[in-house]
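We use all heavy atoms of the structure for the numbers below, so side chains are in, but hydrogens, waters and symmetry mates are not. Just so you know, these numbers come straight off a predicted model, no measurement behind them.
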Amino acid sequence: QVQLDESGGGLVQAGGSPRLSCAGSGRTFSTYAMGWFRQAPGREREFVAAINWSGSSTKYVDSVKGRFTISRDNAKNTVYLQMNSLKPEDTAVYYCAADRTNAMASQRNYYNFWGQGTQVTVSS
């Protein structure tokens, strides 16, 4: 079992660069791939980024490539999402999730554990 706790959200101006953190519990955290998803009002939860267990491989949705960076520190059981050049359309609740299979998939059903989410609101 892995428990995940996101932080770092809030109200940000367009062009801002907040960093989200996701702290995980449990000895197996470092063996899981991790993903970030987001859900805007009235929309389905969508994939944003994923990172493999070691941090050597990453994957992004096209809309955030070149602006967002996912990373992890297994010694701290934490995964990060550095968000740069934020746009109003990035406004959403951001969730981190853990994948035991290390598939780094963009589909939600690959992920076994989810955090409660952190709101990011980008003002124009």
Exercise. Roughly how far, to the nearest 0.5 Å, is the CZ atom of Arg72 from the CG atom of Asn77?
Worked result: 8.5 Å
Exercise. Is there a side-chain contact between Val2 and Thr28 (heavy atoms, below 4.5 Å)?
Worked result: yes
Exercise. Taking the six-membered ring of Tyr32, is NZ or CZ of Arg100 closer than 6.0 Å to its centre and within 45° of its axis?
Worked result: no
Exercise. Under a 4.0 Å N-O cut-off, is there an ion pair linking Asp90 with Lys87?
Worked result: no
For this session: State whether a side-chain donor-acceptor pair under 3.5 Å links Thr78 with Asp73.
Result: no
For this session: Please check if the side chain of Asn84 supplies one atom and the backbone of Phe68 the other of a donor-acceptor pair under 3.5 Å.
Result: no
Exercise. With a 4.5 Å heavy-atom cut-off, do Leu81 and Thr69 have their side chains touching?
Worked result: no
Exercise. At what distance, to the nearest 0.5 angstrom, does CG of Asn102 lie from OG1 of Thr31?
Worked result: 7.0 Å
For this session: For Glu44 and Gln39, indicate whether the former's side chain and the latter's backbone hold a donor-acceptor pair under 3.5 Å.
Result: no
For this session: Would you verify whether the NZ or CZ of Arg108 falls within 45 degrees of the ring axis of Phe47 while also being under 6.0 Å from that six-membered ring's centre?
Result: no
Exercise. When you measure from the side chain of Asp99 to the backbone N and O of Ala33, does any donor-acceptor pair fall under 3.5 Å?
Worked result: no
Exercise. Do any N or O atoms from the side chain of Thr118 and from the backbone of Tyr94 form a donor-acceptor pair under 3.5 angstrom?
Worked result: no
Problem set entry | Smallest separation among heavy atoms of Glu6 and Gln116, with atom names | OE1-N, 3.1 Å
For this session: Please report the closest heavy-atom contact between Tyr111 and Met34, naming both atoms and the distance.
Result: CE2-C, 4.2 Å
Exercise. Could Arg67 and Tyr60 be counted as a cation-pi pair, given that NZ or CZ must be under 6.0 Å from the ring centre and within 45° of the axis?
Worked result: no
For this session: Could you tell me which non-hydrogen atom of Trp53 sits nearest to which non-hydrogen atom of Asn74, and how far apart they are?
Result: O-ND2, 2.9 Å
For this session: Supply the atom-to-atom distance Gln107 CD to Phe37 CZ, rounded to the nearest 0.5 angstrom.
Result: 8.0 Å
Exercise. Is there a donor-acceptor pair under 3.5 Å between the side chain of Asp5 and the backbone N or O of Cys22?
Worked result: no
Exercise. Measuring from Phe29:CZ to Lys76:NZ, what's the distance to the nearest 0.5 Å?
Worked result: 12.5 Å
Exercise. Taking side chain as C-beta onward, heavy atoms only, is Phe113 less than 4.5 Å from Gln3?
Worked result: no
Exercise. What is the distance from atom CD of Gln1 to atom CG of Asn112, rounded to the nearest 0.5 Å?
Worked result: 9.5 Å
Exercise. Does some side-chain heavy atom of Leu4 sit less than 4.5 Å from a side-chain heavy atom of Trp114?
Worked result: no
Seminar exercise, completed: Between Ser124 and Ala14, the two heavy atoms sitting closest are CA-CB, 4.3 Å
Seminar exercise, completed: Looking only at heavy atoms, the pair that brings Ala92 and Arg38 closest together is CB-CB, 3.8 Å
Seminar exercise, completed: When every non-hydrogen atom of Ile51 is compared with those of Ser71, the smallest separation belongs to CD1-CA, 3.6 Å
Problem set entry | Minimum side-chain heavy-atom gap Val120-Leu20 below 4.5 Å | yes
Problem set entry | Any side-chain donor near an acceptor of the partner, Thr121 and Gln119, under 3.5 Å | yes
